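Since the structure is predicted, the reported quantities are computational estimates derived from the model, not experimental observations. Counting convention: from 1, in listed order, for ligands and their atoms alike.
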Amino acid sequence: MADHDAIIVGSGVNGLACAALLARGGWNVCVLERNDWFGGAIKTAEITEPGFKHDVFSAWHPLWVGGPAHAQLGADLARHGLEYLNTDLPTGSLYPDGESAFLLRTAAANAEELDRHHAGDGDAWRGLLDEFLPNADLAFGILGTELWSRHGAALGLKALRRLGNRGAAEFTGRLLISARDWLETAFASERAHGLLAPWVLHTGLGPDAAASGYMAQVIAVAVQEGGMPIPRGGGARLADALVAYIREQGGTCTTGVHVERVSSGGVRTADGRRLLAGRAVICNVTPTQLYGELLDGLEHKARRFRYGRSDMQIHFALSEPPRWEGDERLGRTAIVHLTPGLDGVSRAVNEAERGLLPAEATVVVGQPLTIDASRAPDGRGLLWIQLQELPWHVKGDAAGELGVGDGTWTEELRERYADRIQARLARHIPNLESSIIARTVLSPADLWEANVNLVHGDPYAGSLALDQNFLWRPLPSQPGHRTPVDAVWHVGASTHPGPGLGAGSGALVAAQLLEPPLGKRIAARFKRA
Ligand SMILES: Cc1cc2nc3c(=O)[nH]c(=O)nc-3n(C[C@H](O)[C@H](O)[C@H](O)COP(=O)(O)OP(=O)(O)OC[C@H]3O[C@@H](n4cnc5c(N)ncnc54)[C@H](O)[C@@H]3O)c2cc1C
């Protein structure tokens, strides 16, 4: 007798969403999480000072709100206290000379903003929307479809029917363009390039990588249309609501349980318990853990899987809100990228990939208080800083300033690098250093320590280079979400459609497991006819 219909190993957003969708479909599910919190890269905690609620890892939820799991579960999660707040000022870029550019919430506002930097770029923006929106279902469909399945084939057929052979070939070719090539041909102004180039870092790519132009367009449109929603009270409200919903449906969620073995019939935990799964075991883990540790005899499969660049997070608790110099909108914008522009992002990515601390990193400055004042005591300030251009093994410093010792992420290296970022920020926020109450920094090593899926502090659980992306994620020899072992499934950022809070892989696996068998589908089709 099985203990559960499905056992889910790991409570990342994909594991929880998959479990919630299966529970909604009537399955008895059990989520096992090794950490002492649910949510994986979702965690809200007072890590600096009491009263300051920091999203320790991920913070921004446009992918969740625009994703398939939210569409199905949103109303139920709202019953469990999940409420989204949004903004009309989602993002902007600030350049070293103090100039800035913003991505806003309507086509007209964006066209006007881009024209401010170069007359004609507004028309280029409208042109992008005219070209992108009619086929947005295809562009977003790639990220919402199990590509190696009849649904993937149906998406391809839809593209062929609509666009014809030539059109479909052109459309697919355009998906592969780099952000640099797209931006430099689409917009005249370097301010426009610098506004969108940093966003490709949030997809695990660099601006010269294949397909980064497609990802930049997807994000630009998604941010214009969807803004930058975050949950009232902290990102953890999402994980809390998912767990509450799963339990309400009769499921079980437990922390502090490390799963060390998996088979088609169930799991074995580190404390020696065996739990049986009647229908599926769903692993929210990396390929290296899945094939190297959890499954028997398949170590060879993920040997070539590569992790991407490393990440650092800096959290500030401030005695007053940051007072930015320059455009007053900077203080009201959810995410400001401090960047020299497209070439600056490209250089910092290249330096990180060559093992160097970048001389002039892209600094992602998140300001959750611009949307949700409940995250800090009245009148205070709070910043969420992300640095996505770091090496795991540090060979040197491109600025020639910092000693890197043996190349590991020591406390000393972490704090000195954070000092450099803080000093750069202080040039644009004159009251920053005088208002710091506390600062907490997480190095790549700290991120890995906090979540086994963040190997090397890679926030995206695996390089998204083309050979590990889309049709080939997680592994060219095992793309999609099935594994070679019957009834064992693979979800999470390492799998298609990759990282982010969209819960795409969790939703795709739940949909496949809940799909009626072929016979029933055919009968239903005849009945409809
Ligand atoms: C610092 C940071 C900032 C980010 N910012 C954003 C953002 O703002 N917006 C956004 O959309 N995305 C963001 N991302 C990306 C996004 O958060 C992740 O891609 C996503 O949350 C990953 O979800 P996941 O389902 O892969 O699981 P994870 O969040 O990686 O969680 C997996 C869970 O499984 C558990 N686990 C693993 N192995 C076992 C085992 N053997 N037994 C039991 N439990 C196990 C782990 O402990 C972990 O809790 C960020 C990521 C990071 C790291």
Check: Which protein non-hydrogen atom lies closest to atom 45 (C) of ligand 1, naming both residue and atom, and how far is it?
Finding: Arg34 CD, 3.5 Å
Note to self: Do the side chains of Asp446 and Arg414 get close enough for a salt bridge, i.e. N-O under 4.0 angstrom?
What the structure shows: yes
Next item on the list: Determine whether any heavy atom of Leu32 lies closer than 4.0 Å to an atom of ligand 1.
Entry: yes
Next item on the list: Say whether Leu294, considering both its backbone and side-chain N or O atoms, lies within less than 3.5 Å of an N or O atom on ligand 1.
Entry: no
Margin query: Below 3.5 Å, N or O to N or O, backbone or side chain included: is there any such pair between Phe57 and ligand 1?
Written below: no
Margin query: I want to check something: taking the side chain as every heavy atom from C-beta on, are Val31 and Ile7 in contact at a cut-off of under 4.5 Å?
Written below: no
Next item on the list: May I ask you to identify the nearest protein heavy atom to atom 52 (C) of ligand 1, giving residue, atom name and distance to one decimal place in Å?
Entry: Pro459 CB, 3.7 Å
Item checked: Donor-acceptor side-chain pairing of Tyr291 and Gln478 below 3.5 angstrom -> no
Notebook entry, point to check: Please state which protein non-hydrogen atom is closest to atom 9 (N) of ligand 1 and give its distance, to 0.1 Å?
Noted result: Trp60 O, 2.8 Å
Checklist line | For Asn35, the ligand 1 atoms whose distance to one of its heavy atoms is below 4.0 Å | finding: 47 (O), 49 (O)
Item checked: Single hit among Leu357, Val363, Asp311 for side-chain contact (heavy atoms from CB on, under 4.5 Å) with Leu387 -> Val363
Notebook entry, point to check: Do any nitrogen or oxygen atoms of Gln313 come within less than 3.5 Å of a nitrogen or oxygen of ligand 1?
Noted result: no
Next item on the list: Under 4.0 Å from a heavy atom of Gln386: give me the atoms of ligand 1 that qualify, with their elements.
Entry: 2 (C), 3 (C), 4 (C)
Notebook entry, point to check: Going by the atom numbers of ligand 1, which of them fall below 4.0 Å from some non-hydrogen atom of Pro499?
Noted result: 19 (O)
Next item on the list: Could you list the atoms of ligand 1 found under 4.0 angstrom from a heavy atom of Gly39?
Entry: 29 (O)
Checklist line | Val365 and Trp384: CA distance, side-chain angles, deciding distance, side chain to side chain contact (heavy atoms under 4.5 Å, CB included) verdict | finding: CA-CA 6 Å; Val365 188; Trp384 175 100; over 6 Å; no
Checklist line | Carboxylate-amine/guanidinium proximity below 4.0 Å for Glu46 and Lys53 | finding: no
Next item on the list: Mind checking whether Asp311 contacts ligand 1 via backbone (N, CA, C, O), side chain (CB onward), both or neither, at a 4.0 Å heavy-atom cut-off?
Entry: side chain
Item checked: Val452, portion touching ligand 1 at heavy-atom distance under 4.0 Å -> side chain
Notebook entry, point to check: Which pair of non-hydrogen atoms, one from Arg473 and one from Gln468, has the smallest distance, and what is that distance?
Noted result: NH1-O, 2.8 Å
Next item on the list: Under 4.0 Å, heavy atoms only, figure out whether ligand 1 is touched by the backbone of Val491, its side chain, both or neither.
Entry: neither
Note to self: Check this for me - ligand 1, Glu33, N or O atoms closer than 3.5 angstrom, yes or no?
What the structure shows: yes
Next item on the list: Among all protein heavy atoms, pick the one closest to atom 32 (C) of ligand 1 and tell me residue, atom and distance.
Entry: Asn453 ND2, 3.3 Å
Notebook entry, point to check: Any heavy atom of Ser11 sitting closer than 4.0 Å to ligand 1?
Noted result: yes
Check: Numbering the atoms of ligand 1 from 1, which are under 4.0 Å from a heavy atom of Leu501?
Finding: 9 (N), 10 (C), 11 (O), 12 (N), 17 (O), 21 (O)
Notebook entry, point to check: Does ligand 1 have any atom that is closer than 4.0 Å to a heavy atom of Glu260?
Noted result: no
Notebook entry, point to check: Relative to ligand 1, is Val285 under 4.0 angstrom through side chain, backbone, both or neither, heavy atoms considered?
Noted result: side chain
Item checked: Separation between CG of Leu447 and CZ of Phe57, rounded to the nearest 0.5 Å -> 6.5 Å
Next item on the list: Please indicate whether any nitrogen or oxygen in Gln289 is less than 3.5 Å from any nitrogen or oxygen in ligand 1.
Entry: yes
Margin query: Check this for me, if you would: do Glu49 and Arg380 make a salt bridge, where the nitrogen-to-carboxylate-oxygen distance has to be below 4.0 angstrom?
Written below: no
Check: Is it true that Ala503 lies under 4.0 Å from ligand 1, counting heavy atoms only?
Finding: no
Margin query: Please classify the Asn284 to ligand 1 contact at 4.0 Å (heavy-atom distances, strictly less than): side chain, backbone, both or neither.
Written below: both
Notebook entry, point to check: Which heavy atom of the protein is the closest neighbour of atom 34 (O) of ligand 1, given with residue, atom name and distance?
Noted result: Gly10 CA, 3.2 Å
Check: Within 45° of the ring axis of Trp27 and under 6.0 Å from its six-membered ring centre, is that where the NZ or CZ of Arg279 lies?
Finding: yes
Notebook entry, point to check: For the residue pair His481 and His496, does the interplanar ring angle fall in the parallel (under 30°), tilted (30 to 60°) or perpendicular (over 60°) class?
Noted result: tilted
Note to self: Side chain, backbone, both or neither: which applies to Leu63 and ligand 1 if a contact is any heavy-atom pair less than 4.0 Å apart?
What the structure shows: side chain
Next item on the list: Please write down residue, atom name and distance for the protein heavy atom closest to atom 26 (O) of ligand 1.
Entry: Ala493 N, 2.7 Å
Item checked: Within-4.5 Å side-chain heavy-atom neighbours: Arg274 and Arg261 -> no
Notebook entry, point to check: With a 6.0 Å cut-off on ring centres, are Trp60 and His202 close enough?
Noted result: no
Checklist line | Gly500 N/O under 3.5 Å from ligand 1 N/O | finding: yes
Notebook entry, point to check: Any side-chain donor-acceptor pair under 3.5 Å between Arg105 and Gln224?
Noted result: no
Next item on the list: With heavy atoms only and a cut-off of under 4.0 Å, state how His61 meets ligand 1: side chain, backbone, both or neither.
Entry: neither
Checklist line | Side-chain heavy-atom pair Arg237, Tyr84 within 4.5 angstrom cut-off | finding: no
Next item on the list: Heavy-atom distances under 4.0 Å are what count here, so tell me which part of His202 touches ligand 1: side chain, backbone, both or neither.
Entry: neither
Margin query: Would you say that more than 12 heavy atoms from the other residues, nucleotides or ligands in this model lie under 6.0 Å from the CG of Asp486, or not?
Written below: no
Next item on the list: Compute whether any side-chain donor of one residue and acceptor of the other, for Trp448 and Ser310, lie under 3.5 angstrom apart.
Entry: no
Note to self: For the 3.5 Å polar cut-off, considering only N or O atoms, please tell me whether Ala59 and ligand 1 meet it.
What the structure shows: yes
Check: Val56 near ligand 1, heavy-atom distance under 4.0 Å?
Finding: no
Margin query: Quick check on contacts: which atoms of ligand 1 are under 4.0 angstrom from a heavy atom of Asn14?
Written below: 23 (O), 24 (P), 25 (O), 26 (O)
Checklist line | Arg375/Asp55 under salt bridge (charged side-chain N to carboxylate O under 4.0 Å, His left out): CA gap, chis, key distance, verdict | finding: CA-CA 9 Å; Arg375 307 282 184 100; Asp55 276 341; 3.2 Å; yes
